[in-house]
Amino acid sequence: MNATPLPPRPASLDDPLYYLHNFRSALRWIEACYVDLFDDDERDFLTRFDTLPEPAQALWVRMVMRKGDTFRDDRLGYAEIGMPATAVAPLIERGWVQNDPPLSVSALWLLLTKAEIGRHLNGLLRDHGLTRGARKADMLEVLAEADLGEYPLTVWCPEIPFNVVRMTRMALCERLRLMFFGNLHQDWSEFVLADLGVRRFERVPLSPASRAFQRREDIHTYAHLHACRERLEAGESIADILHDVPPADDNPWLENRRGKLLFLLARAREREGELAAAEALYAQSVHPGARGRRLRMLERQACHAEALELANAAAAAPESESERQQLDRLLPRLHRRLALAPPSVTEEPVPARLEMTLPRTASVERAVVEHLSCESMPVYYVENALINALFGLLCWEAVFAPLAGAFFHPFQRAPADLLRPEFASRRETLFARCLARLEVPEGEHGYRAVIRRTYHAKHGLESAFVQWEALDESLLEMALACLPAAHLRLWFERLLRDVRANRAGMPDLIQFRPEQGDYRMIEVKGPGDRLQDNQRRWLAFCARHGMPLDVCHVTWAS
DNA sequence: ACCACACACGCAACC
DNA sequence: GGCCAAAATG
DNA sequence: GGTTGCGTGTGTCATTTTGGC
Ligand SMILES: [Mn+2]
Ligand SMILES: [Mn+2]
């Protein structure tokens, strides 16, 4: 057993084989993390990849990073690799690449240009009543109907002057990517992007023990759920997909992902008008909002008594404030339908209202900034960016603390459990220590100094809480001068109570009065716009704690 | 941080 | 040849 | 007139190359 490798870092772009070095360092890291979970196929691939000639390795990585699994060799010309036919030979010998694979018409249509189709498949077109003038996509539509089967390119068009190859280890490669990133939306281009400085990441200490998956079956469950989602997106029938949805999982992370899939399937049924089927699916989903949708399904099916029973149960233990708001609207409707006395509903505060008429511009928010901003009372268009960033800066170490399972690759802008309910509790003492600095206004351990220091030390590093483009130094200084520490504490504690729900909904604008040392927030509403649920929650919160917030209604000057 | 949120906008239904 | 979207590139 | 639900459009490195129309 070799020593544990260093966590992967992007290779220098000076080397034309930089992508191969990146891939190999990722493979070494995957191996260090997952030896005990590999199956034979993965073990075999990992050990034998290194024994391939370098051009074969490089070509493999080039193909992995390109779209699809099937390529024509005249489009695989890379200066640093040399002759594709030579480079691919060892891969074919191992069976990792198939030479001249059978191609469906649709695969064929992806590989050939329209001109080549006209030149080499004229007979096929004629047999199906098509002419060369037809659009490429229309031709394919007609031919796909005909169910022509799969043949190698050498059978479809023997005269064509190039060769086609197909990777046969795509599923394995996807699995390796999944193990490395813990998700399937990031890919190996992250390395280049990081190296180019397009994205820069905090360097959290990583150890092989902190890996994305702890159990073999979890990797498969993840991949399987993902495949179901792709089938849904591809338009496959819901019933067919449902047949393959796995049962409830004891891993809460995966059960959430399963809940999201069921939620999406339910919504698809809903849009098909199958409300009863949708309701049954929503009932199985643990996704936030599933119960709310289920209630709507019951209401729309006029099952008012049943809906009321479930709504009362929900009101007794709402999953979130957002559900509470939904119930406040639903319950009166149900009571009316059932001829019951109107239910008691939580009272919402009436926000301070501002009206103005402005010359028409592209952005209402910007128009209001122009109108209100002046030297002594500057206005900034910040939405969620300011308060989230102040939180992210004050609590940087807590957010990027290397807890078990939180960080496992070098391209994360947040810990893996950011949106899980236990995010704050797992870091309770860390966050308490960060927030305690709010009690210290001045000095090098005070919150202002810490935020300024972090701003400079971490500037440009990706964080889920900090959008650097939205936070220049003048805005930061205004905020530190005019926002009371007590308000910051209340905002940050609220954010920590439910990151997913509370990181959005903050007002468009903030105006500072440095001479008075105070501020106000302004939510702008153009003609036809209205407050969203999360904005109303923010508004209620501010009203409760005496934080100044106006809603500014704009009409256009004609 | 799971092609997604996080915004504004616009239509239709309802009282 | 111009316009556009998708794919490839570092 | 107001309210409410629900579907929609916009955006993600920047630049070059490719292919369809
Ligand atoms: Mn806004
Ligand atoms: Mn607004």
Side-chain angles (χ1 to χ4, degrees), chain A residues 10-16 18-19 22 62-63 65-68 71 75-76 78 80 109-117 133-139 178 181-186 189-200 212 222 225-226 229-230 232-233 253-254 256-257 260-261 264 267 270-271 292-293 296 299-300 325-326 328-330 332-333 336-337 362-365 381 383-385 388 406-409 411-420 423 462-464 467 469 499-501 503-508 523-535 554:
Chain A
S12 160
L13 294 173
D14 297 339
D15 188 331
Y18 69 92
Y19 54 90
N22 289 336
R62 282 288 192 186
M63 290 195 289
M65 303 216 304
R66 278 175 54 168
K67 195 181 177 188
F71 307 94
R75 301 285 156 86
L76 289 174
Y78 294 97
E80 76 283 2
W109 247 239
L110 287 174
L111 289 168
L112 303 189
T113 67
K114 197 180 170 189
E116 288 163 341
I117 288 167
R135 291 156 85 219
K136 197 184 176 189
D138 293 345
M139 297 195 246
L178 175 57
F181 288 109
N183 65 57
L184 283 170
H185 66 100
Q186 288 179 288
S189 68
E190 297 285 350
F191 283 89
V192 205
L193 266 23
D195 200 49
L196 285 170
V198 168
R199 286 202 184 113
R200 295 168 48 230
Y222 188 109
L225 291 170
H226 181 79
R229 231 142 105 165
E230 284 189 320
L232 174 64
E233 228 147 85
W253 171 49
L254 292 172
N256 262 17
R257 290 195 59 84
K260 179 68 182 280
L261 172 65
L264 293 172
R267 203 184 54 183
E270 188 185 335
R271 308 234 237 241
R293 290 314 305 160
R296 275 292 291 156
E299 187 189 19
R300 284 177 63 191
Q325 287 174 295
Q326 261 187 299
D328 283 344
R329 271 169 271 149
L330 173 67
R333 293 200 300 266
R336 197 162 354 107
R337 288 290 187 179
S363 147
V364 233
E365 294 86 357
Y381 182 16
E383 280 182 341
N384 311 305
N388 285 342
F407 292 90
F408 36 78
H409 68 78
F411 311 104
Q412 288 181 247
R413 54 203 292 270
D417 59 345
L418 175 69
L419 300 182
R420 315 235 67 245
F423 169 72
E462 296 278 331
S463 160
Q467 292 171 250
E469 331 76 65
V499 176
R500 190 203 281 276
R503 68 179 165 177
M506 298 164 211
D508 296 311
E523 171 54 42
V524 178
K525 287 295 159 204
D529 193 9
R530 64 182 123 124
L531 289 169
Q532 300 173 46
D533 276 4
N534 56 5
Q535 294 172 334
V554 177

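Throughout, protein chains are lettered first and strands after them, A, B, ... in sequence-line order, and every chain is numbered starting at 1. The figures here come from the full heavy-atom set of this structure, side chains too, leaving out hydrogens, waters and symmetry mates.
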Atom CZ of A:R337: over 12 foreign heavy atoms under 6.0 Å: no
Work out how far the [atom1] atom of [N] is from that of [M], and round it to whole angstrom.
N: C:dC4; M: D:dT10; atom1: P; value: 15 Å
N: D:dT18; M: B:dA1; atom1: C1'; value: 33 Å
N: C:dT9; M: D:dG7; atom1: C1'; value: 37 Å
N: C:dG1; M: D:dC13; atom1: C1'; value: 30 Å
N: D:dT8; M: B:dC3; atom1: C1'; value: 16 Å
N: D:dG9; M: C:dA5; atom1: P; value: 14 Å
N: C:dG10; M: D:dC6; atom1: C1'; value: 43 Å

message: For a 4.5 angstrom cut-off between non-hydrogen side-chain atoms, does A:R66 reach A:L76?
response: yes
State whether [X] places a side-chain N or O below 4.0 Å from either non-bridging phosphate oxygen (OP1 or OP2) of [N].
X: A:K67; N: C:dA8; value: no
X: A:R271; N: D:dG7; value: yes
X: A:Q326; N: D:dT4; value: no
X: A:R300; N: B:dC14; value: no
X: A:R329; N: D:dT4; value: no
X: A:R75; N: D:dT18; value: no
X: A:Y18; N: C:dT9; value: no
X: A:R199; N: D:dC13; value: yes
X: A:R267; N: D:dG7; value: no
X: A:N534; N: B:dC7; value: yes
X: A:Y19; N: C:dG10; value: no
X: A:K114; N: D:dG19; value: no
X: A:R503; N: B:dA6; value: yes
X: A:H185; N: B:dA1; value: no

Whole angstrom is fine here: how far is it from [atom1] in [X] over to [atom2] in [N]?
X: A:E383; N: B:dA8; atom1: CD; atom2: C1'; value: 9 Å
X: A:F191; N: C:dA8; atom1: CZ; atom2: P; value: 20 Å
X: A:D529; N: B:dA6; atom1: CG; atom2: P; value: 17 Å
X: A:L193; N: C:dG10; atom1: CG; atom2: P; value: 13 Å
X: A:L330; N: D:dC6; atom1: CG; atom2: P; value: 11 Å
X: A:M65; N: C:dA7; atom1: CE; atom2: C1'; value: 13 Å
X: A:R229; N: B:dA4; atom1: CZ; atom2: C1'; value: 9 Å
X: A:M139; N: D:dG20; atom1: CE; atom2: C1'; value: 10 Å

Counting any heavy atom closer than 4.0 Å, what does [X] reach on the DNA or RNA strands: base, sugar-phosphate only, or nothing?
X: A:Q535; answer: sugar-phosphate
X: A:E365; answer: sugar-phosphate
X: A:Q325; answer: nothing
X: A:R420; answer: nothing
X: A:G505; answer: sugar-phosphate
X: A:N384; answer: sugar-phosphate

- prompt: Is any N or O donor-acceptor pair between the side chain of A:R333 and the base of D:dG5 shorter than 3.5 Å?
  reply: no
message: Is the ring pair A:W253/A:Y222 parallel, tilted or perpendicular, if the boundaries are 30 and 60 degrees?
response: tilted
- prompt: According to the interplanar angle, ranging from 0 to 90°, do the rings of A:F191 and A:F411 count as parallel (below 30°), tilted (30 to 60°) or perpendicular (above 60°)?
  reply: perpendicular
field: Syn or anti for B:dA8 (syn when the glycosidic angle lies within 90° of 0)
entry: anti
query: Is the glycosidic angle of D:dT10 within 90° of 0, making it syn, or outside that range, making it anti?
result: anti
query: Now, which nucleotide makes the Watson-Crick or G-U wobble pair with D:dT12, with each of the two distances under 3.5 Å?
result: none
query: Taking any strand in view, what nucleotide pairs with B:dA4 in a Watson-Crick or G-U wobble way, both distances under 3.5 Å?
result: none
Minimum-distance nucleotide (side-chain atoms of [X] versus [options]):
X: A:Q532; options: B:dA8, C:dT9, D:dG20; answer: B:dA8
X: A:A504; options: B:dC9, D:dG5, B:dA6; answer: B:dA6
X: A:R530; options: D:dC6, B:dC15, C:dT9; answer: D:dC6
X: A:V198; options: B:dA8, C:dT9, D:dC13; answer: D:dC13
X: A:E233; options: B:dC3, B:dC7, D:dC21; answer: B:dC3
X: A:R62; options: D:dC21, C:dG10, B:dC9; answer: C:dG10
X: A:W253; options: B:dA1, D:dC21, B:dA8; answer: B:dA1
X: A:K136; options: C:dT9, B:dC7, D:dC21; answer: D:dC21

task: For residues A:V364 and A:G526, report the shortest heavy-atom separation together with the two atoms involved.
output: CG1-CA, 3.9 Å
- prompt: Taking all atoms of both residues into account, what is the closest heavy-atom pair of A:L13 and A:Y18, and its distance?
  reply: CD2-CD1, 3.4 Å
task: Please determine if A:R296 and A:E299 form a salt bridge, counting it only when a charged side-chain N lies under 4.0 Å from a carboxylate O.
output: yes
query: Would you call A:R199 and A:E190 a salt bridge, using N to O less than 4.0 angstrom?
result: yes
message: Could you measure the distance from the CD atom of A:Q535 to the CG atom of A:D529? Nearest 0.5 Å is fine.
response: 7.0 Å
query: Just how far is it from atom NE2 of A:H226 to atom CG of A:L178, taken to the nearest 0.5 Å?
result: 9.0 Å
